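The block underneath contains the structure these notes are about, expressed in structure tokens.
Index from 1, following the sequence. Worth knowing before you read on, the calculation uses all heavy atoms, side chains too, and leaves out hydrogens, waters and symmetry mates. Nothing here was measured: the structure is a model prediction, and the numbers come from that model.
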Amino acid sequence: MLKMYFSDVKFNRCITSQLIKWFSNFREFYYIQMEKFARQAINDGVAAVDDIIVSRDSELYKVLNMHYNKANDFEVPERFLEVAQITLREFFSAIVASRDVDPSWKKAIYKVICKLDSEVPEIFRSANCLQELLRE
């Protein structure tokens, strides 16, 4: 899959493992922030999972956008907000239910969230992706 999206890269074992590590770090940061914000919501007295809303004005959104989209080069899709809210609610519910005492408590959350993955936007599939993005 990586070869399909990075056609200009000459893949070897080292480069492949570096790209996998890079993407894993992005995913890890996302989940660390989710846990942090879920625990903060609990500390702030949020009692019901339905009270957790992620909007463009949310601190969580701002932290994630600053990390992934520092220069605001990309318009963040509404779907991202929806998935972030679902993820945050999953973490919140798990912590409230004390499932976080189990060392592998996050695996159930990962299984829920991975089903929400979206297709890679068409612009990223283009061989001229970088030039197209710079033009916009």
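- Ring pair F26/W22 is perpendicular by interplanar angle, where above 60° counts as perpendicular and below 30° as parallel.
- Shown here are the side-chain hydrogen bond (donor to acceptor under 3.5 Å, both in side chains) partners of S24, two or more places apart in sequence or in another chain: R27.
- Summarising the geometry, atom CE belonging to M34 is positioned 12.0 Å from atom CD1 belonging to I95; distances are rounded to the nearest 0.5 Å.
- The shortest heavy-atom contact between V46 and F92 is O-CZ, 3.4 Å.
- Classified by interplanar angle (parallel below 30°, tilted 30° to 60°, perpendicular above 60°), the ring pair Y31/Y110 is tilted.
- The environment of NZ in K36 is sparse: at most 12 heavy-atom neighbours from other residues, nucleotides or ligands sit within 6.0 Å.
- In summary, of the residues considered (N12, L19, I20), a side-chain contact (heavy atoms from CB on, under 4.5 Å) with T16 occurs for I20 alone.
- Every side-chain hydrogen bond (donor to acceptor under 3.5 Å, both in side chains) that S55 has, sequence neighbours left out, goes to S58.
- Follow the hydrophobic side-chain contacts under 4.5 Å out from L60 and you never reach I53; the two are in separate clusters.
- Heavy-atom minimum distance, I109 versus A94: CD1-CB, 4.0 Å.
- S93 places a side-chain heavy atom less than 4.5 Å from the side chain of R99.
- Listed by chain and number, the residues in a side-chain hydrogen bond (donor to acceptor under 3.5 Å, both in side chains) with Q18 amount to none (sequence neighbours excluded).
- Between T87 and Y30 there is a side-chain heavy-atom pair separated by less than 4.5 Å.
- Contact record, R79 with L116: NH2-O, 3.0 Å, taken as the closest heavy-atom pair.
- Put simply, CD on Q85 and CD on E90 are 11.5 Å apart, with the number rounded to the nearest 0.5 Å.
- Considering every non-hydrogen atom in both V49 and R89, the closest pair reads O-NE, 3.3 Å.
- Within the structure, side chain to side chain donor-acceptor pair (under 3.5 Å) pairs that include any residue of residues 42-54 comprise Q40-D44 (at least two apart or interchain).
- With sequence neighbours left out, the side-chain hydrogen bond (donor to acceptor under 3.5 Å, both in side chains) criterion links E35 to R39, K106.
- Aromatic ring pairs are classed by plane angle as parallel below 30°, tilted from 30° to 60° and perpendicular above 60°; the pair F29 and H67 is parallel.
- Residues satisfying the salt bridge (charged side-chain N to carboxylate O under 4.0 Å, His left out) test with R56, not counting sequence neighbours, are E78.
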